[in-house]
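Labels below follow one simple rule: chain letters A, B, ... track the order of the sequence lines, proteins then strands, and each chain is numbered from 1. Since the model is a prediction, treat every value here as computed from it, not as a measurement. Values below: all heavy atoms of this structure, side chains included; hydrogens, waters and symmetry mates excluded.
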Amino acid sequence: MVDLGGVAELLGADCSMSANAIAAILGGQIAPGQRVSVQGWVRTRRDSKAGLSFVAVHDGSGFEPLQVIAPADLPNYADEIAHLTAGCAVRVTGELVASAGKGQAVELRAERVEVIGWVDDPESYPIAPKAHSFEYLRTVAHLRPRTNSIGAVARVRACLAHAIQRFFHERGYFWVHTPIITANDCEGAGSLFRVSTLDLLNPPRTAQGGVDFDRDFFGRETFLTVSGQLNVEAYCLALSKVYTFGPTFRAENSNTSRHLAEFWMVEPETAFADLPANADLAEALLKAMFEALLDERADDMAFFAQRIDKNCIQRLERIIQVPFKRLDYDDAIQVLARAGRSFEFPVRWGMDLQSEHERYLSENYVGGPVVLMNYPKEIKSFYMRLNDDGRTVAAMDVLVPGIGEIIGGSQREERLEVLDARLDELGMNKTAYGWYRDLRRYGSVPHAGFGLGFERAVSYVTGMSNVRDVIPFPRSPRSAEF
RNA sequence: UCCCCGGUAGCUCAGUCGGUAGAGCAAGUGACUGUUAAUCACUGGGUCCGUGGUUCGAGUCCGCGCCGGGGAGCCA
């Protein structure tokens, strides 16, 4: 309204584009004395016998609500304003003034308060102005973004997503939109969700009695992707620097605070890059994300520091400055063997590291992120590049305290004969990987990439301990409501 | 999927030895106040997760199921 003058009136009562963002008002972009209009949802109402009510209005543009002063002589004061409760939608127009009270610099002295949407039963409104458990809030996922915590998570999530896109764009990486539907039934990362239009109750049959997928939509079995990596490798060997960023699906029956059936993953792939370069990129990406977050969402981070994880800001500040520790698997085994404590799973070379081992390394030995590199080939995927020692592959995991594995990646096996030998060794069907093998036949080059679990990253930076609370509508085993 | 713990008012929880249920917050009403998720008083509010069983009697004990939490596995 500051910039648009009387346009709001011209556009009519339901006009939405003329309101000022509360974040802009509280950010000092509008000087006291100006007329402003805000629209949002009531957080709290406090009445004063001094002849006014205080109404905290929140529009989601930032963490803080705006304090509205509603004088009792407003025409709808007794009938409407005095009955506002948490969740009511309002539009308020008035003069921005320096606050007469403590706790805020400015407040809005209302000249007009329109109630756009009432809460029809305040007692049962699920989001009371009180503390709620995250477990409960998951049961009202459609309303939980109105809370401080989940609203802050949503803004942090968007901030980090933008930081990721910026990071890659500035380094000459191209965003590749790899397919969600895939026919690769063995991408090497867990069980898949089937995609089909066949009648589940009465599918067409082959002569042998099996399901006749030739009659299915794509004429073959298809699934939701578990990773864009294989596809993005094709674009990597043409555009050199590429990445995917999108949803990923895993039908694993995982019931933990770190797993979702539908989650978002960032997967860069770099041509002519080796494993150390890959690790450098991973470290730079995480640091760029953390820096952007501290810079752009100080309000939300202050909240997380106050209510969720008091160390979250200083942790990020420190991580940004300190180089990530690199540790070869061989050395990690040595470290664990000399840890001076016993583990449930005894430490020996060749074992896959258990959670307790990863936790010791990142939380106790390093005290921050650590990049573990060069694992035994037996415990890693077929596409990872065989090292010259013949016993390890150029794989890496980035482990962080509290979460564990936040990034998993590798240099890819670019030598066709070595890849084929690996496929044979694992009894995998080479013809099914025809197009993937082609990439090794036609101008193959060394290349490397990794997958960053986006929700794990959001969880790590905010201190929100369950990934189900950092994605808008979580999907997990036996849970796909909303 | 496995191990452990839990499910009681809108929310967070207490509930003794098996005898038909309570607090705080929220909500409503009032008082008070330039208040800060205000304070004080009063009021309303219950399918004790579901199901089967034991018992004269089950929130309480037992079986099964569902949901949630912590840990593990899988992984990002």
Counterpart base for [N], defined by Watson-Crick or G-U wobble contacts under 3.5 Å:
| N | value |
| --- | --- |
| C11(B) | G24(B) |
| C61(B) | G53(B) |
| A38(B) | none |
| G45(B) | none |
| C17(B) | none |
| C2(B) | G71(B) |

Of the nucleotides [options], which one has an atom closest to the side chain of [X]?
| X | options | answer |
| --- | --- | --- |
| Gln104(A) | U36(B), A37(B), C75(B) | U36(B) |
| Leu52(A) | G34(B), G68(B), A27(B) | G34(B) |
| Lys49(A) | U12(B), G71(B), C32(B) | C32(B) |
| Arg456(A) | C32(B), A76(B), C67(B) | A76(B) |
| Ile69(A) | G34(B), G73(B), C32(B) | G34(B) |
| Arg258(A) | C75(B), G28(B), G68(B) | C75(B) |
| Lys130(A) | C11(B), U36(B), C74(B) | C11(B) |
| Ser48(A) | G34(B), G10(B), G69(B) | G34(B) |
| Asn255(A) | G70(B), A38(B), U1(B) | U1(B) |
| Thr256(A) | G24(B), G73(B), G70(B) | G73(B) |

Mutual orientation of the aromatic rings belonging to His142(A) and Phe482(A) [parallel < 30°, tilted 30-60°, perpendicular > 60°]: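 Geometry flag for Phe482(A) against His142(A): parallel rings.
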Tyr243(A) and Phe168(A) aromatic ring geometry - parallel, tilted or perpendicular at 30°/60° bounds: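 Ring orientation of Phe168(A) relative to Tyr243(A): parallel.
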Sugar-phosphate, base or nothing in reach of Thr85(A), heavy atoms under 4.0 Å: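 Sugar-phosphate, backbone atoms only, no base.
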Touch class at under 4.0 angstrom, heavy-atom based, for Arg45(A) against every strand present: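 If one applies the 4.0 Å heavy-atom cut-off, Arg45(A) turns out to touch nothing in the nucleic acid.
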Aromatic centroids of Phe223(A) and Phe249(A) separated by under 6.0 Å: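 Aromatic pair excluded; centres sit 6.0 Å or further apart.
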Pairwise C1' distance, C17(B) and A58(B) [rounded to whole Å]: 14 Å
Contact under 4.0 Å: Arg478(A) side-chain N or O vs G68(B) OP1/OP2: no
His259(A) NE2 to G73(B) P, straight-line distance once rounded to whole Å: 10 Å
Distance under 6.0 Å and angle within 45° of ring axis: Arg315(A) vs Tyr460(A): yes
Where the chi angle of U35(B) falls, syn if within 90° of 0 and anti if not: anti
5'-most by nearest nucleotide on RNA chain B - Glu356(A) or Ser133(A): Ser133(A)
Earlier contact from the 5' end, RNA chain B, for Phe345(A) and His83(A): His83(A)
Donor-acceptor pair, side chain of Lys380(A) and main chain of Ala395(A), under 3.5 angstrom: no
Per-pair stack call Phe54(A) and G34(B), 5.5 Å, 30°: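 The ring of Phe54(A) is not stacked on G34(B).
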Presence of salt bridge, Arg109(A) and Glu95(A), under 4.0 angstrom: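 Salt bridge between Glu95(A) and Arg109(A), a charged N being under 4.0 Å from a carboxylate O: no.
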